[in-house]
Amino acid sequence: MRQWQNEPRSLTLCVGPEKSNTTPSHTGSLDSIIFHSKEVLLSGTCVIGLQWGDEAKGKLVDLLAPRFDCVIRYQGGANAGHTVVHGDEVYKLHHIPSGILHADVQNFITPGVVINPTTMLQEIDGLAPRGINVADNLKISDRAHLVMPWHMIEDATINAVSVKGESIGTTNRGIGPCYRDKVGRTHAIRMVDLIEGSRDERIATVAEQKTVLLRQLGASDEELASIAPEKMVPLAASWAERLAPMIADTTDLILDAAEAKQMLLFEGAQGALLDIDHGTYPFVTSSNSSGVGVCAGAGVPPKWIDHVLGVCKAYSTRVGGGPFPTELADETGEKIRKLGNEFGTTTGRPRRCGWFDAVAVRYTARLSGVSRLALMMMDVLAHFEELKVCVAYELDGKEIHHLPSHADQLRRCKPILETIPGWNTPVDHARTMSDFPPGALAYVKRIEELVGVPVGILSVGPDRAQTIFTAEAAAMGLD
Ligand code: IMP
């Protein structure tokens with residue numbers, strides 16, 4: 001663990017609504033989730049989704065942010081939808097880090113993120129009437145790439161026409177095409193291009209080239225007219241005017257912060273099963289959404305990362321295409337969708353729902369270096385006589401315990417399900433471990449065993465108060 005030279009900020013993790021340093025105030029019925037509160041040091045901590053996204057990471061980042069100096073969003077773009085509930089107010093954030101609701105926290109959007117300036121400015125304008133002035137505490141990397149209007153057209157066109165079989169079902173936010181141009185380089189536009197003297201010429205040149213390429217892909221005349229250079233050049237100038245004060249070398253600023261022993265919270269977007277290199281390819285997003293993406297996306301070396309909080313729902317969901325072994329295309333799946341309000345924050349699409357897949361989460365927890373799990377949406381499972389958890393797959397007649405690399409293999413996997421009695425009692429009022437019925441604690445214990453990582457946080461609803469920290473969360477930072 002990192003040695004602190006200056007006096008570090010510390011977090012007192014505790015169970016229940018009020019913070020205290022007393023130990024131990026309660027003992028749960030299971031050894032692994034006996035809790036007490038204690039002071040721990042936090043430094044570089046990552047919040048990573050372990051499933052296919054939508055694990056309620058935004059709630060946790062918002063909750064933990066006041067204990068950190070910086071919140072850093074490092075991959076993905078407006079395909080993400082982070083919902084944060086503050087009292088009666090509901091904030092839906094796409095680009096802006098979930099730490100923005102705390103005036104003392106510095107927020108960063110780093111080189112690994114792809115930014116749609118129009119959407120981002122709408123997001124900023126939506127926060128202003130609610131008293132949040134992002135200009136004070138948001139910095140955007142000059143190295144971050146721009147999602148341009150032609151990327152959205154390319155995304156929709158390719159989604160509609162090009163592949164045989166199952167479509168990836170992207171969010172149509174231009175994410176894949178933008179990352180493709182980033183890697184291809186020739187047609188990329190970065191934040192720094194907006195504030196350079198060569199901006200107008202570059203935008204006009206790329207707009208012309210993209211028009212030729214998109215015509216061949218099948219884009220309509222109307223779509224092509226919308227990206228004409230005479231429209232794109234003034235649009236980029238208007239973005240530059242508003243965004244320039246926030247554009248900065250975030251890499252330098254974050255390294256300064258780390259070296260000054262400030263505490264950094266890295267906010268993952270999407271989930272590790274959507275990771276471009278390690279997820280359920282090709283039904284993935286275009287960035288490294290697992291824990292391995294933090295360093296490259298944020299511009300920090302591994303030495304500044306101490307802890308990884310892996311976030312998963314107590315069941316599984318997925319939006320878009322791709323194999324999903326524990327999917328419940330029946331009444332039970334419908335019941336989970338209804339109880340969990342499982343509809344996409346970004347697209348409004350109904351999410352596919354299924355049982356918890358311990359094979360998949362064990363894989364992503366190991367891949368991401370997860371120290372503790374946050375198990376979310378426990379309240380949704382409170383209305384079932386029995387629950388099931390996937391403990392292995394059967395692939396072509398053989399039992400396997402790993403995630404196969406080919407989508408067709410994963411599609412052929414039949415989940416081997418273990419039945420666990422439901423507790424059938426509401427838990428949304430739970431504020432301490434003693435408020436959980438034994439059946440709920442047994443479910444948590446089984447997930448810890450199967451995934452191989454202790455549960456540090458349980459969530460029983462969208463409100464901040466509906467969060468329970470276990471002794472294992474207190475231990476985070478003392479590894
Ligand atoms: P893209 O990221 O828009 O290219 O979409 C690729 C795949 O990732 C699609 O299946 C999307 O539904 C999924 N996806 C992208 N972002 C999110 C997210 O924030 N939550 C859940 N799924 C996502």
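Because the structure is a prediction, the values reported are computed rather than measured. One-based numbering, in listed order, for ligands and for the atoms of each. Side-chain atoms are counted along with the backbone in the values below, which use heavy atoms only and exclude waters and symmetry mates.
- Ligand 1 has an N or O atom lying under 3.5 Å from an N or O atom of T171, backbone or side chain.
- None of K59, R464, E55 except one satisfies the side-chain hydrogen bond (donor to acceptor under 3.5 Å, both in side chains) rule with S459; the exception is K59.
- When only interatomic distances are considered, the shortest N/O to N/O separation between G53 and ligand 1 does not fall below 3.5 Å.
- A salt bridge does not link E342 with R337: none of the charged nitrogens is closer than 4.0 Å to a carboxylate oxygen.
- In this comparison of Q270, E55, R351, K57, the heavy atom closest to atom 16 (N) of ligand 1 sits on Q270.
- Taking only nitrogen or oxygen atoms, main chain and side chain alike, N79 reaches within less than 3.5 Å of ligand 1.
- Under 4.0 Å from ligand 1, the heavy atoms of W52 that appear belong solely to its backbone.
- Closest to atom 5 (O) of ligand 1, if we only count protein heavy atoms, is T170 CA, 3.4 Å.
- In this structure, S286 has no heavy atom closer than 4.0 Å to ligand 1.
- The ring pair (Phe, Tyr, Trp, His ring centres under 6.0 Å) pairs that include a residue from residues 95-135 are H86-H102, where partners are two or more places apart or lie in different chains.
- For atom 23 (C) of ligand 1, the nearest non-hydrogen atom of the protein is L274 CD1, 3.6 Å.
- The single protein non-hydrogen atom nearest to atom 22 (N) of ligand 1 is V319 CG2, 3.3 Å, given as residue, atom name and distance.
- Cation-pi geometry between R349 and F343 is not met: the NZ or CZ atom fails to fall both under 6.0 Å from the ring centre and inside 45° of the normal.
- Residue contacts with ligand 1 include G169, since one of its heavy atoms falls under 4.0 Å from the ligand.
- Only the backbone of V284 comes within 4.0 Å of ligand 1, judged by heavy-atom distances.
- At least one N or O atom of T285, backbone or side chain, sits closer than 3.5 Å to an N or O atom of ligand 1.
- Environment of CG in D330: crowded, with over 12 heavy atoms of neighbouring residues, nucleotides or ligands closer than 6.0 Å.
- The I168 neighbourhood of ligand 1 comprises atoms 6 (C), 9 (C), 10 (O), with distances under 4.0 Å to a heavy atom of that residue.
- I153 is listed as a side-chain neighbour of I227, based on a closest heavy-atom distance under 4.5 Å.
- Remark: minimum distance from atom 12 (O) of ligand 1 to any protein heavy atom is reached at R349 NH2, 2.9 Å.
- For A236, the side-chain contact (heavy atoms from CB on, under 4.5 Å) test picks out L194, R199, I203, W239, with sequence neighbours left out.
- Salt bridge E327/R352: present, at least one basic N to carboxylate O contact under 4.0 Å.
- Checked against a 3.5 angstrom limit, the closest N/O atoms of N172 and ligand 1 fall outside it.
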